[in-house]
Amino acid sequence: LYVAVKVLDPVWTRNDELRARFANEVEMLRTMSHPHIVSFLGAGVLAGDLPFVILEWMPFHLAKFLASGKPLLGATVHVGVQIARALVVLHRRGIVHRDIKAGNVLLDGADPEKARVCLADLGLAKVSPSERHNAAMTHVSTGGAALLGTWDTMSPEQWIKSKTVD
């Protein structure tokens, strides 16, 4: 069994907001089980006060496939349906991902027409107050002018009113 271990960078551990975002991501994944959201396997803190999370290993990501220049209709539909299912689950729980991009779409196989697809990286997710309360998450306030997401894949709403995007 292979796993992925995500460790918060030592520089980021000194930033309370980034540390809270990492802890919230861990808590969201801990309380969620869905075939198209990367699976939580464990978490803890390493020496030097470095928090980590252990996730299922998904060896491929959509960005690599797209870079190959081989987009096919079948693969597009197969991947799109699975990501849509993950987003429905997140949105029902009051979670807005805010960083949907090919690098955060993981695949368990090299063939995107057959692979199981998972959404990963909830570190920038916006969480409703009720979900934060239910999952014991920390409120992370985003400055009014802050832009969250990957610039070249952000939706227009994120550029215009990032704090209120839903």
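The model shown is predicted, which means the values in this text are computed figures rather than measured ones.
- Residues satisfying the side chain to side chain donor-acceptor pair (under 3.5 Å) test with H78, not counting sequence neighbours, are Q82.
- Residues that satisfy the salt bridge (charged side-chain N to carboxylate O under 4.0 Å, His left out) test with R85, not counting sequence neighbours, are absent from this structure.
- A donor-acceptor pair under 3.5 Å links the side-chain atoms of H97 to the main chain of A120, judged by distance alone.
- For the pair W12 and L18, the tightest heavy-atom approach, listed with the atom from each and the gap, is CG-CD1, 3.7 Å.
- With rounding to the nearest 0.5 Å, the separation of CD in E27 from CG in L122 is 12.0 Å.
- To the nearest 0.5 Å, the span separating CD on E113 from CG on L73 amounts to 8.5 Å.
- Atom CD1 of I37 sits about 8.0 Å away from atom CG of L87, to the nearest 0.5 Å.
- The closest side-chain heavy-atom distance from L90 to M32 is below 4.5 Å.
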Scan the side chains in residues 40-67 for donor-acceptor partners under 3.5 Å anywhere in the protein, sequence neighbours excluded, and list what turns up.
| residue | atom | partner | partner atom | Å |
| --- | --- | --- | --- | --- |
| D49 | OD1 | R19 | NH2 | 3.0 |
| D49 | OD2 | R19 | NH2 | 3.1 |
| E56 | OE1 | R116 | NH2 | 2.4 |
| E56 | OE2 | S39 | N | 2.8 |
| E56 | OE2 | S39 | OG | 3.1 |
| H61 | ND1 | A63 | N | 3.4 |
| H61 | ND1 | K64 | N | 3.4 |

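- A distance of 10.0 Å separates CG of L8 from CD of E25, quoted to the nearest 0.5 Å.
- Expressed to the nearest 0.5 Å, how far CG of D9 lies from CZ of R14 amounts to 8.5 Å.
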Worksheet entry | From CA spacing to verdict: side-chain contact (heavy atoms from CB on, under 4.5 Å), N104, D99 | CA-CA 8 Å; N104 287 338; D99 199 22; 3.4 Å; yes
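- Using a 4.5 Å heavy-atom threshold, the side chains of V105 and I83 count as touching.
- Side chains of V38 and D121 form no contact here, defined as non-hydrogen atoms less than 4.5 Å apart.
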